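These notes are about the structure you will find just below.
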Protein chains: 2
Amino acid sequence: MATIYEVASMAGVSPATVSRVFNGQNVSADKARRVRKAAKALSFTPSRVARTLRMRSSQVIALVIPDIENPFFTSMARGVEDVAQAAGYSVVLCNSDEDHGKEARYLDIAVGADMAGVILAAAGDNSDVSGLIARNRPVVAVDRSPHGFDIDAVTVDNRAGGREATRALLDQGFTRIGCVTGPGDVETATERADGWRDAVRAAGAVDERYLRFADFRVDGGHKAMRELLDMPEPPDAVFVANNLMGVGALQVLSQRGAMPPAVGMAVFGDLPFAVMAPMAITVIPLPARHLGVTAAKLLLDRINGDDQPPRTVVLRNHAS
Amino acid sequence: MATIYEVASMAGVSPATVSRVFNGQNVSADKARRVRKAAKALSFTPSRVARTLRMRSSQVIALVIPDIENPFFTSMARGVEDVAQAAGYSVVLCNSDEDHGKEARYLDIAVGADMAGVILAAAGDNSDVSGLIARNRPVVAVDRSPHGFDIDAVTVDNRAGGREATRALLDQGFTRIGCVTGPGDVETATERADGWRDAVRAAGAVDERYLRFADFRVDGGHKAMRELLDMPEPPDAVFVANNLMGVGALQVLSQRGAMPPAVGMAVFGDLPFAVMAPMAITVIPLPARHLGVTAAKLLLDRINGDDQPPRTVVLRNHAS
DNA sequence: TTGAAAGCGCTAACAG
DNA sequence: CTGTTAGCGCTTTCAA
């Protein structure tokens, strides 16, 4: 692979001039032309590695998400991408797979690779971004934030959403509302469950046996829904705290011939790729793309030197 | 950010020794301990950039896909990831968005960043991997291959699948079978349409007006399906060449109250997140994850120096 | 086993 | 406008 030196000697200029041509600095038209010709002849591609080493920062930002197979996160990724691309940054997607170990490795890579910044949808409350902070790399949390760090964050009002969803079920006349939420160490899971509690308590007593912690995936929805339905006195409706578990719950209901409204259902987050016109399901829409867009803008601000105190942006729960 | 030099001086050893400790080479137990202690104290993270520059290759592979919001590709990504991680490589996902410009930029980045290799699901037939080849970087094509390059490839038998799907519709008694396929410059789109032609021709004459090229996305499915249904003599069944357009087509059918089997439907690729038990739809399953796994293995072979002539692996069309 | 020193390819002073 | 030069932080001979 050709280097800047070979291009320089072929074009009869100095390496610095080649560098200048490729970075849009002032170079006489004639030399610029010669450089470009030589570069093409040698099929020269500048080494980003050397450039990054020298500059101590690259033009890429990392987006670390817990589940690449969840359309909520890929939609968020699109939002991030669109903003980043427009600003001349590339985005690399890293899938932590809800695993703290993998997440930590990716964050390490982000530091070691001198990435410009990181947008993190944390695998859990105790994700550790101290390495990034210590090295002064901008981080913004999105959807979920790691606890104990004072950083920019973009979220939605999970508790209010959970409350609203559950209340809708109560308004429809259901009386025993179950709740299927995510892992106990994930902020969005506990907050949405808190919303459920709020609404149920306002209507009577909370029965904690109707609360299930699952894994925010389709299978988690299956398992939790089955458990709920197999109780001696099963709930007559259920609030499911994310899109994928909503799919899982519906699959179980479908198998058992008890599709909504036979059993009431409310879901936090849009059901992915739904085919039918709106069924008898309450959906709290989630501005996935908008979360990504907002987080990316915040991050770019920081990259560009903004040093206000950390901000938390709470987006309204409707489609962007 | 601490460097290897600072660690060295704090530990009272040479930089070379620090390097050795972090690369698992022979160092006396005592020095190793001192180095580790110093590294922790300084919260040292090795610079991957410097390392890559020196080694002329990094431990990351790029996976370039045309649509990150398509569960087929994210499932494939999981397959790639699992194999790569196990071999000590990280995977970065790049979304070309079916755009040759973006794709080219990502391929450039892969070269410039000295990535170990690239797995590419090409944006179109004329994607250009000559840069990678010229620089001797391993590439493997997956799902779709760019034309004119003799490289490893992992695919499925698209034509046979299209034929099989269409034949199923004919067997169900439908007589006017439409086809909704992807962009004309995408291999999987044209091959699947060829399969449709094969089957229809075997049963009579092919009416090309029943063939629609769309964009492999939900909206493409909408548009094409509407056009087909609005024809003077609309098809009584349709073969849809990918999962997302299948969703779009079904949404239109649902709106018009003509869900299968009122209108026959066969889809190439599993419908994502389907809630109901199998409807009256023929599905040609696609081994998404397995494609990723296979491609990753091939790539790792090449990275490890395998220089057999390029291989093409055709996977059977069933779930992995 | 260990250290000294060279160099990966690039950019940014600094001179001219 | 252009060239010279000194590193960015790491790995790796080569000697000791």
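Bear in mind that the values here come from a model prediction, so they are computed numbers and not experimental data. Atom set for the values below is all heavy atoms of this structure, side chains included, hydrogens, waters and symmetry mates excluded.
Residue Tyr5(B) places its side chain closer to dC10(D) than to any other of dG9(C), dC10(D), dC1(D). Distance from the side chain of Leu53(B) is smallest for dG9(D) among the nucleotides dC10(D), dT2(C), dG9(D). If you check dG3(C), dC8(D), dT4(D) against the side chain of Ser14(A), the one that comes closest is dT4(D). Comparing atom distances between the Ser19(B) side chain and each of dC10(C), dT11(D), dC10(D) picks out dT11(D) as nearest. You'll find that the side chain of Arg54(B) is closest to dC10(D), out of dC10(D), dT2(C), dA12(C). Candidate nucleotides dG9(D), dC1(D), dG9(C) were compared by shortest atom distance to the side chain of Arg56(B), and dG9(C) ranks first. Here the nucleotide nearest the side chain of Arg20(A), chosen from dG9(C), dT2(C), dA13(C), is dA13(C). In the set dC1(D), dT2(C), dT4(D), the nucleotide with an atom closest to the side chain of Ser28(A) is dC1(D).
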request  = Could you please spell out the steps behind the side-chain contact (heavy atoms from CB on, under 4.5 Å) verdict for Gln85(B) and Val91(B)?
outcome  = CA-CA 8 Å; Gln85(B) 303 260 0; Val91(B) 177; 5.6 Å; no
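We find that CD1 of Ile4(A) is positioned 11 Å from P of dG9(C), with the value rounded to whole Å. As rounded to whole Å, 12 Å separates atom C1' of dC10(C) from atom CG of Asp114(B). dC8(D) atom C1' lies 13 Å from atom CD of Glu6(B), rounded to whole Å. For the pair Asn23(A) CG and dA13(C) P, the computed distance is 13 Å after rounding to whole Å. Rounded to whole Å, atom C1' of dT2(D) lies 12 Å from atom CG of Asn26(A).
Between the side chain of Asp97(A) and the main chain of Asp99(A), no donor-acceptor pair closer than 3.5 Å is present. No donor-acceptor pair under 3.5 Å is formed between the side chain of Thr188(A) and the backbone N or O of Arg144(A).
Nucleic acid contact class of Arg48(B) (heavy atoms, under 4.0 Å, all strands): none. Note on Val27(A): only backbone sugar-phosphate atoms sit closer than 4.0 angstrom, heavy atoms only; bases stay farther off. Residue Val13(B) is in sugar-phosphate contact alone, with no base atom involved, counting any heavy-atom pair closer than 4.0 Å across all strands shown. Using a 4.0 Å heavy-atom distance criterion, Phe22(A) is classed as making no nucleic acid contact.
Distances shorter than 4.0 Å separate none of the side-chain N or O atoms of Ser47(B) from OP1 or OP2 on dC8(D). Side-chain nitrogen and oxygen atoms of Lys31(A) include none within less than 4.0 Å of the OP1 or OP2 phosphate oxygen of dC1(D). At dT11(D), one or more side-chain N or O atoms of Arg51(B) fall inside 4.0 Å of OP1 or OP2 (strictly under the cut-off).
No option in Asn23(B), Val35(B), Val27(B) other than Val35(B) meets the side-chain contact (heavy atoms from CB on, under 4.5 Å) test with Val18(B).
For Asn136(A), the CG atom is loosely surrounded, since the number of other residues' heavy atoms within 6.0 Å does not exceed 12.
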